[in-house]
Chemist: 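Just passing along the structure, written as structure tokens.
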Amino acid sequence: MNKRLVATLFCVLVALSLAPNLPRASEQEVTDVRLLSDLAYPAVVLIYAEVTGEVDTPDYRITATIAGFGTGFFVNPHGYIVTCGHVVFAFDNNDPMQDSIVRYYLLYKAAVTLVEYFQKQGYQLTKSDVELIFNYVFNYGKITKTNLDVYVILGEAVGADIKAKGIKARVVVKSPFIEKDIAIIKVDLENTPTLLLGDSDEVKVGDEVYAVGYPGVVVFHEMLSEETMLIPSITKGIISAKRKTKFDTPALQTDVSTTHGNSGGPALNRKGRVIGVVNMGSVDPEKRIEVAGFNFLVPSNIVRDFLKENGIANEEGATDKLYRKALALFYAKCYDSAIREFNALLNIFPYHWYAKKLIAEAQRAMAEGEKAESSISVSVPTEEVEYGKDVAVSGKIELVHESPLPVEYDFSGITVRIEYTKPDGERITHTVSVDKNGYFSDTVKADKGGAWSVKVSWDGNKDMEGSSATASFKVSPPPMPPVVVIGVIAVVAVVAVVAFVLVRRRKAPSAVPPPPPPPPRLG
């Protein structure tokens with residue numbers, strides 16, 4: 001059976017056996033890993049390095065080329081990238097011609113080239129012949145010239161021709177693998193996305209760590225399409241120990257999964273700060289094979305000092321601020337506004353591949369009718385309002401979201417409808433503008449006594465669904481008109497006078513009877 005077919009069937013069977021047990025994450029939830037990867041991916045790059053050397057032998061001049069790739073990340077907005085020294089072929093010397101590892105592989109490649117040359121000439125080489133050619137090159141070959149070319153690929157790229165898609169970079173400074181194993185390279189770009197360094201002295205054993213990079217087993221996996229081969233990978237682990245190399249360089253041991261191709265990539269803490277740079281794994285001393293789960297990082301403080309020594313600042317730029325603002329809107333499902341911010345970012349840094357990816361995702365979500373929710377709060381007087389006075393009504397539209405990043409939403413240009421219903425059922429509607437922070441205010445004259453109701457609503461926009469809120473307040477009864485007041489006063493006065501007279505009459509004494517006649521005189 002065809003080996004490729006067997007491999008395919010094996011992968012399918014493994015996938016089917018695992019599928020029922022895989023947990024399904026909520027579509028609404030933005031996990032820590034999703035957030036870290038979204039923040040880190042734009043600043044992480046694939047680095048392709050190639051050394052070409054001329055090997056002279058007594059009889060032949062052979063051009064030999066060796067190549068490799070690793071990972072790097074931008075450390076400031078001016079195109080500076082940190083990677084490992086060995087990614088750019090600095091193993092035990094900064095000069096490729098003097099580096100013993102580089103020399104060995106150039107001679108080896110020259111010997112292979114010479115073998116292939118004889119075979120093309122029609123010679124049937126035996127195993128002994130091949131050994132003689134290799135011995136000849138290694139004993140008599142001299143490397144007379146070397147040239148190092150470095151290319152940077154920014155994130156996702158379609159196709160396998162890595163070199164053709166790369167941006168030429170220059171090596172600013174490098175420290176070999178046997179020393180700090182750090183290199184700084186530069187591309188002629190501005191407003192590049194960046195990652196900030198954390199403090200590796202604060203790292204503790206057991207702390208979570210996330211490695212981002214381009215593992216070779218994935219990049220060149222025969223079962224994966226070329227379309228997605230250059231998407232970065234993120235893996236999670238912990239800090240296992242703090243150690244030193246035999247060259248007395250501090251190292252952080254970790255079980256985070258990394259392999260060839262991850263070298264030079266950032267290792268992040270939970271806050272998204274770089275606490276180390278992936279630089280080596282472990283090999284079984286007897287079997288001479290790579291042992292998983294025992295990998296090492298160059299601590300970030302070594303990188304920080306190396307940058308400082310070479311006058312390079314670790315800082316963010318305009319692209320990072322725009323990207324976080326757009327990403328927060330994207331997480332909040334304000335897709336229309338997120339797309340505008342992503343496009344503003346692309347205007348200053350058109351190579352931002354991840355912004356393009358998220359724009360496509362946002363457009364798909366909008367086509368499916370996804371939007372954020374909104375809420376309205378409204379405030380009215382709590383005490384009875386005096387009849388005839390202006391009543392102040394205020395409130396705020398708010399975005400309802402679960403974004404893990406702070407969302408800066410501009411409500412400018414939005415209006416709300418405020419409908420007032422008077423005690424007698426009469427309705428009036430005001431259209432009121434909202435400020436950029438979502439606040440609005442209005443006034444209405446309290447020209448009817450009794451209970452008023454207020455309804456505030458808006459229809460939503462491309463980002464959010466509409467919403468509404470209600471409230472109520474009371475207005476005191478209207479005062480009496482002056483004529484009525486005078487009439488009432490007059491009536492009251494007349495009533496008072498009449499009452500007074502009646503009371504007086506009731507209290508007046510009755511008439512005094514005439515005195516009795518004098519008694520008759522006798523005698």
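If you read the sequence from its start, that first residue is 1, and numbering goes on from there.
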Chemist: Spell out, as yes or no, whether a donor-acceptor pair under 3.5 Å connects the side chain of Asp255 to the backbone of Ile238.
Modeler: yes
Chemist: Please tell me whether His86 and Ser263 have a donor and an acceptor in their side chains that are separated by less than 3.5 angstrom.
Modeler: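 Note: His86 and Ser263 side chains meet the donor-acceptor criterion.
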Chemist: Considering non-hydrogen atoms only, spot the tightest contact between Asp181 and Val298 and give its length.
Modeler: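 Shortest heavy-atom contact: O-CG2, 4.4 Å.
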Chemist: When you measure from the side chain of Thr65 to the backbone of Thr52, do you find a donor-acceptor pair of N or O atoms at a distance under 3.5 Å?
Modeler: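 Such a contact is absent between Thr65 side chain and Thr52 backbone.
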Chemist: Would you say CG of Asn347 has more than 12 non-hydrogen atoms from neighbouring residues, nucleotides or ligands within 6.0 angstrom?
Modeler: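 More than 12 within 6.0 Å, yes.
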Chemist: Does Phe138 have any ring pair (Phe, Tyr, Trp, His ring centres under 6.0 Å) partners at least two apart in sequence or in another chain, and if so, which?
Modeler: Tyr104
Chemist: Classify the angle between the aromatic ring planes of Tyr123 and Phe118 as parallel (below 30°), tilted (30 to 60°) or perpendicular (above 60°).
Modeler: perpendicular
Chemist: For Gly261, is there any backbone N or O sitting under 3.5 Å from a side-chain donor or acceptor partner on Thr71?
Modeler: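 At least one qualifying donor-acceptor pair exists.
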Chemist: Heavy-atom count check: over 12 atoms from other residues, nucleotides or ligands less than 6.0 Å from Gln121 CD?
Modeler: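 Yes, CD of Gln121 has more than 12 neighbouring heavy atoms, counting only those of other groups under 6.0 Å.
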Chemist: Could you list the residues that satisfy side-chain hydrogen bond (donor to acceptor under 3.5 Å, both in side chains) with Thr126, not counting sequence neighbours?
Modeler: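 Only Asp129 meet the side-chain hydrogen bond (donor to acceptor under 3.5 Å, both in side chains) criterion with Thr126.
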Chemist: Locate the shortest heavy-atom distance separating Asp99 from Ala90; write the atom from each residue and the value.
Modeler: OD2-C, 3.7 Å
Chemist: Relative to each other, are the rings of Tyr354 and Tyr323 parallel, tilted or perpendicular (30° and 60° limits)?
Modeler: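 Tyr354 and Tyr323: perpendicular rings.
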Chemist: Would you call Glu116 and Lys120 a salt bridge, taking side-chain N to carboxylate O under 4.0 Å as the test?
Modeler: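 No salt bridge links Glu116 with Lys120.
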Chemist: Provide the closest heavy-atom pair for Phe349 versus Glu190 in the form atom of the first, atom of the second, distance.
Modeler: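 Scanning both residues completely, I find the closest heavy atoms to be CD1-O, 3.3 Å.
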Chemist: Who pairs with Phe411 by ring pair (Phe, Tyr, Trp, His ring centres under 6.0 Å), at least two apart in sequence or on another chain?
Modeler: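 Phe411 satisfies ring pair (Phe, Tyr, Trp, His ring centres under 6.0 Å) with Tyr409 only.
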Chemist: Check whether any side-chain heavy atom of Thr254 lies under 4.5 Å from a side-chain heavy atom of Val278, and answer yes or no.
Modeler: no
Chemist: What residues, two or more places apart in sequence or in another chain, satisfy side chain to side chain contact (heavy atoms under 4.5 Å, CB included) together with Ser100?
Modeler: Asp92
Chemist: Do Asp149 and Tyr48 have side-chain heavy atoms sitting under 4.5 Å apart?
Modeler: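 They are not in contact (no side-chain heavy atoms under 4.5 Å apart), so the answer is no.
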Chemist: Which pair of non-hydrogen atoms, one from His78 and one from Lys186, has the smallest distance, and what is that distance?
Modeler: O-NZ, 3.1 Å
Chemist: Please report the closest heavy-atom contact between Val212 and Val44, naming both atoms and the distance.
Modeler: CG1-CG2, 3.7 Å
Chemist: Are the aromatic ring centres of Tyr80 and Phe74 under 6.0 angstrom apart?
Modeler: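 Judged by ring-centre distance (under 6.0 Å), Tyr80 and Phe74 do not meet the cut-off.
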Chemist: Tell me, yes or no, whether the heavy-atom count around Tyr136 atom OH, taken from other residues, nucleotides or ligands under 6.0 Å, exceeds 12.
Modeler: yes
Chemist: Do Leu322 and Ile348 come within less than 4.5 Å of each other through their side chains, counting heavy atoms only?
Modeler: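 Of all side-chain heavy-atom pairs linking Ile348 with Leu322, at least one is under 4.5 Å.
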Chemist: For a salt bridge (Lys or Arg N to Asp or Glu O under 4.0 Å) with Glu316, tell me which candidate from Arg324, Lys321, Arg273 qualifies.
Modeler: Arg324
Chemist: With the threshold set at 4.0 Å, does a side-chain nitrogen-carboxylate oxygen contact exist between Asp56 and Arg61?
Modeler: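 Counted as a salt bridge, because a side-chain N and a carboxylate O are separated by less than 4.0 Å.
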Chemist: Leu268 pairs by side chain to side chain contact (heavy atoms under 4.5 Å, CB included) with which of Val209, Leu195, Ile275, Leu39?
Modeler: Leu195
Chemist: When you compare the side chain of Phe306 with that of Val173, does any pair of heavy atoms fall below 4.5 Å?
Modeler: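 In contact.
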Chemist: Which pair of non-hydrogen atoms, one from Met366 and one from Ile339, has the smallest distance, and what is that distance?
Modeler: SD-CD1, 3.9 Å
Chemist: Is any NZ, NE, NH1 or NH2 atom of the basic residue among Arg34 and Asp38 found under 4.0 Å from an Asp or Glu carboxylate oxygen of the other?
Modeler: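 Yes, this pair counts.
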Chemist: Do Val150 and Arg170 make a side-chain contact, defined as non-hydrogen atoms from C-beta onward lying under 4.5 Å apart?
Modeler: no
Chemist: Given side chains that start at C-beta, do those of Val203 and Asn269 come closer than 4.5 Å, heavy atoms only?
Modeler: no
Chemist: Which residues pass the ring pair (Phe, Tyr, Trp, His ring centres under 6.0 Å) test with Phe89, sequence neighbours left out?
Modeler: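 Applying ring pair (Phe, Tyr, Trp, His ring centres under 6.0 Å) to Phe89 gives none.
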Chemist: Tyr105: which residues meet the ring pair (Phe, Tyr, Trp, His ring centres under 6.0 Å) condition with it, sequence neighbours left out?
Modeler: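 Scan of Tyr105 (ring pair (Phe, Tyr, Trp, His ring centres under 6.0 Å), adjacent residues dropped) gives none.
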Chemist: If you count the non-hydrogen atoms of other residues, nucleotides and ligands that lie under 6.0 Å from CD in Glu54, is the total more than 12?
Modeler: yes
Chemist: Within 45° of the six-membered ring axis of Tyr210 and under 6.0 Å from that ring's centre, is NZ or CZ of Lys236 located there?
Modeler: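 No - Lys236 does not lie over the ring of Tyr210 by the 6.0 Å and 45° rule.
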Chemist: Run the salt-bridge test on Lys180 and Glu309 with the 4.0 Å N-O cut-off and return the result as yes or no.
Modeler: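 Answer for the salt bridge query: yes.
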